[in-house]
There are 2 protein chains.
Amino acid sequence: MSKAPVTIKDIARLLGISKSTVSRALSGNADVNPDTKRKVLELARKLDYQPNVVAVSLKQQRTNTLGVIIPETVNRFFAKAVGGIQKMANLAGFNVIICQSDESYVTEKKNLQALVSSRVDGLLVSVSRETDRYDHFEAVISKSIPLVFFDRIVEGLEASQVYSDNYEVTKEATHHLIAQGCQRIAFVAGPQHLYNSRNRLRGYLDALKESNIPVRDNYIIQSQYKLDKTDEYTRHLLKMKERPDAVFAINDYAALEMMHAIKKAGLRVPDDIAILGFNNENICRFVEPALSSIDHPAYDMGAAAAEILLNQVRNESIEPVRRLIQSRLVVRESTHRLKR
Amino acid sequence: MSKAPVTIKDIARLLGISKSTVSRALSGNADVNPDTKRKVLELARKLDYQPNVVAVSLKQQRTNTLGVIIPETVNRFFAKAVGGIQKMANLAGFNVIICQSDESYVTEKKNLQALVSSRVDGLLVSVSRETDRYDHFEAVISKSIPLVFFDRIVEGLEASQVYSDNYEVTKEATHHLIAQGCQRIAFVAGPQHLYNSRNRLRGYLDALKESNIPVRDNYIIQSQYKLDKTDEYTRHLLKMKERPDAVFAINDYAALEMMHAIKKAGLRVPDDIAILGFNNENICRFVEPALSSIDHPAYDMGAAAAEILLNQVRNESIEPVRRLIQSRLVVRESTHRLKR
DNA sequence: GTGAAAGCGCTAACAA
DNA sequence: TTGTTAGCGCTTTCAC
């Protein structure tokens, strides 16, 4: 039912000129008789002519489009990062296609192929939790398609990386808990094939070591892949003989869920158990006690990644770049113990 | 620097056959000598051939792509709706391009033009808060591009709509507050040119009317466009001579912020002031008191909208459809008063 | 300043 | 079963 869209051919026919002239008039970067140009622009506007970017893309061998793969849009961190990406891309006149891997390697690989097939000019990727092999990225790199990882980065590939200092900030946060008098600090760790999860765990362990606090394996909880087991962890932790006096949660929502359970169990936060979140969602400020957390500038990471990618796309030089974006510890009530 | 991607021409040359044969072998829906076919597929895999969908799109005059315009990805409601859209689209072999209007009419219009220029096969739109005229949508409709509005719908256009019963559920929720003994119910209303905001306000007003509770204008707060004035509203409400005994917030985050301020002011929720949110975020369950809210099935709305659109795209019939998705009131502690 | 023609990668009607 | 050809909408070289 769809009417055929207006093309330069239509305009040319109606004006009795050739389509090359119409093209030139429309693009504006070639000499065209001002009078002809005016007529063309007028008619184009009147017919609501929209250039067919599909045709332009085919001709130019570039789509002015960036492909993005993130684990999930409902994850606020990535939603914000996408905001930064889109901002930068649009400023540069680029479109953005967003795919979700749903934390699945298989889906991530399919997304990648779809984006390559769509001939995006470059790729921005935050890998899925499940991804522990990188053949699909290697294929992209061998095609010389510019690729920038952000946040959930992959090491050892010829690709740029925008990442935050998970190691440093986690170490700092652990020291902060220790300074509050906490000695039995539980830590919920993510999958260890992920760069970020590894660094967080390292930061935690090194902080303990630096403070001569023995590491106890049963305080380290290995979070599962997909299932949300926060409920289970919490019960497990509360039942321990030597109950932890602090918990480093895997994110803010898990922290709040834990806090809820702890309070239900008749314990006080932070005096019995201090809680630390991850991501510094808005909501941290509005709960009681207000939740301490670690702030990652998601928007900035997305923007930085897009900036690097756009540079590579335009310069045709894809020399890998590494950019660190600073995270920071935000101390609120949930980890602020009054000194005794 | 980017290497030229492998094309069917390359495969044809390497195999000493014509590119039409390669095309046929690859597409699989034409008679090709099984032996030739095998050779083609083998070489294609070996060279990691990815069909150029740009060329296919130009040829076929359809892109197998849906365009989506939402106000913001950081809004969880839309993030979830996008999840539903992508699921349906991918099942049907369609890609999705997502644009954010940032709640701006101008950006929305630009997004729309970009998507039309990209020759998407259909459009899914939730209008920006600022949008109060619809010329840009009319232009799309006059081009016979299938268009489905979801959640933030527009009335009076030849387009399909997927919406939730804001009127009914708001009325029900208001009656619930009244049943709890609330008589002075404050209501934070959204911009009245928006269909949803209008219906919510209507629901609230009609409930009061049905219960013979006089409407008091100063209990109705007109929320501003962009600025988050929750802080200001709350102080204003708390300072009133006849302080409200219930507040209908504009969303869950605003509700939590209000709850926080109310508690800080030494008042109890729900006994002094009951609070009702909107959207039923996960977090509602983990705050104290747990927040009553209204649940909108965002994912389902997105999925339903995509389903309708895909139908129209495939059938070439764009007879507008209206689909209602049920919302529901979720009562928790923040509006549950013990009867005296 | 303008037009004719070629070609981007692919599909499909037609011919062989 | 296969090859030839035309053409999707656009840009760009070349010639005038």
Side-chain angles (χ1 to χ4, degrees), chain A residues 2-41 43-44 47-65 93 114 116-121 143, chain B residues 2-41 43-44 47-65 93 114 116-121 143:
Chain A
S2 208
K3 289 174 210 162
V6 180
T7 70
I8 52 169
K9 212 165 133 185
D10 298 324
I11 297 180
R13 189 172 28 79
L14 257 37
L15 254 34
I17 59 180
S18 80
K19 62 196 175 90
S20 358
T21 304
V22 176
S23 171
R24 285 189 272 251
L26 254 19
S27 74
N29 40 13
D31 282 338
V32 179
N33 182 316
D35 207 51
T36 326
K37 185 168 177 177
R38 195 183 39 72
K39 276 193 221 152
V40 169
L41 294 179
L43 186 56
L47 299 178
D48 194 19
Y49 167 78
Q50 307 282 357
N52 185 333
V53 304
V54 177
V56 176
S57 295
L58 180 61
K59 177 68 190 174
Q60 313 284 40
Q61 298 285 75
R62 84 205 297 284
T63 52
N64 276 286
T65 300
V116 170
S117 242
S118 295
R119 296 295 188 269
V120 295
D121 297 329
K143 291 189 164 69
Chain B
S2 207
K3 290 173 208 161
V6 180
T7 70
I8 52 170
K9 211 165 136 187
D10 298 323
I11 297 180
R13 189 172 28 77
L14 257 38
L15 254 36
I17 59 180
S18 81
K19 62 195 176 90
S20 6
T21 304
V22 176
S23 171
R24 282 188 277 251
L26 255 18
S27 75
N29 41 12
D31 284 338
V32 179
N33 183 316
D35 207 52
T36 328
K37 184 168 178 177
R38 193 184 40 72
K39 277 193 221 152
V40 169
L41 294 180
L43 186 56
L47 300 178
D48 193 20
Y49 167 77
Q50 306 283 357
N52 185 333
V53 303
V54 177
V56 177
S57 294
L58 180 61
K59 176 69 189 174
Q60 312 284 36
Q61 298 285 75
R62 83 205 298 284
T63 52
N64 276 286
T65 300
V116 169
S117 241
S118 294
R119 296 295 188 267
V120 295
D121 296 329
K143 290 188 165 69

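Every chain is numbered from 1, with letters handed out A, B, ... down the list of sequences.
- Distances from the side chain of Lys59(A) to the nucleotides dC10(C), dG9(C), dA6(C) place dA6(C) closest.
- Comparing dC10(C), dG9(D), dT4(D) by their closest approach to the side chain of Leu58(B) singles out dG9(D).
- Distance, Lys37(B) NZ to dT1(D) P: 10 Å, rounded to whole Å.
- Taking only side-chain atoms of Thr21(B), from C-beta outward, the nucleotide of dT11(C), dA4(C), dT2(D) with the closest atom is dT2(D).
- For the pair Lys39(B) NZ and dT1(D) C1', the computed distance is 14 Å after rounding to whole Å.
- Along DNA chain D, the nucleotide nearest Ala55(B) and the nucleotide nearest Ile17(B) are compared for position; the residue whose nucleotide lies closer to the 5' end is Ile17(B).
- Remark: P of dC8(C) and CG of Asp10(B) are 11 Å apart, rounded to the nearest angstrom.
- dG3(D) atom C1' lies 7 Å from atom CZ of Arg24(B), rounded to whole Å.
- A donor N or O paired with an acceptor N or O is not found under 3.5 Å between the base of dA12(C) and the side-chain atoms of Ser23(B).
- Distances from the side chain of Ile8(A) to the nucleotides dC10(C), dG9(C), dC10(D) place dC10(D) closest.
- Atoms CG (Leu26(A)) and P (dT12(D)) sit 13 Å apart, rounded to a whole Å.
- Within 4.0 Å of Asn52(B), counting heavy atoms only, lie sugar-phosphate atoms of the nucleic acid but no base atom.
- Atom P of nucleotide dT4(D) and atom NZ of Lys9(B) are separated by 14 Å, given to the nearest angstrom.
- Looking at the side chain of Ser20(B), the nearest of the listed nucleotides dC10(C), dG3(C), dA12(C) is dA12(C).
- Between Asp121(A) and Asn64(A), the shortest heavy-atom distance links the atoms OD2-N, 2.6 Å.
- Taking the side chain as every heavy atom from C-beta outward, Val40(A) and Ile17(A) approach each other to under 4.5 Å.
- Between Tyr49(B) and Leu43(B) the shortest side-chain heavy-atom distance does not fall below 4.5 Å.
- A heavy-atom distance below 4.5 Å is not found between the side chains of Arg119(A) and Gln61(A).
- In terms of heavy atoms, Ser118(A) sits closest to Val54(B) at O-CG2, 3.7 Å.
- Summarising the geometry, the separation between CD1 on Ile11(B) and P on dC10(C) is reported as 8 Å, rounded to the nearest angstrom.
- Taking only side-chain atoms of Lys19(B), from C-beta outward, the nucleotide of dG9(D), dA6(D), dT2(C) with the closest atom is dA6(D).
- Look at Tyr49(B) and you'll find a side-chain N or O under 4.0 angstrom from OP1 or OP2 of dC10(C).
- The side chain of Gln61(B) contributes no N or O atom lying less than 4.0 Å from OP1 or OP2 of dT11(C).
- In the interface, the side chain of Arg119(B) is not paired with the base of dG9(D) through any donor and acceptor atom under 3.5 Å apart.
- Within the nucleic acid shown, Thr36(A) comes within 4.0 Å of sugar-phosphate atoms alone, with no base atom in reach, counting heavy atoms only.
- Closest heavy-atom contact between Leu26(A) and Ala44(A): CD1-CB, 4.2 Å.
- Closest approach to the Asn33(B) side chain among dA13(C), dT1(D), dG3(C) is made by dT1(D) (side chain taken as heavy atoms from C-beta onward).
- In this structure, CG of Asp31(A) is placed 16 Å from C1' of dT11(D), rounded to the nearest angstrom.
- Among the heavy atoms of the strands, none lies under 4.0 Å from Pro5(B).
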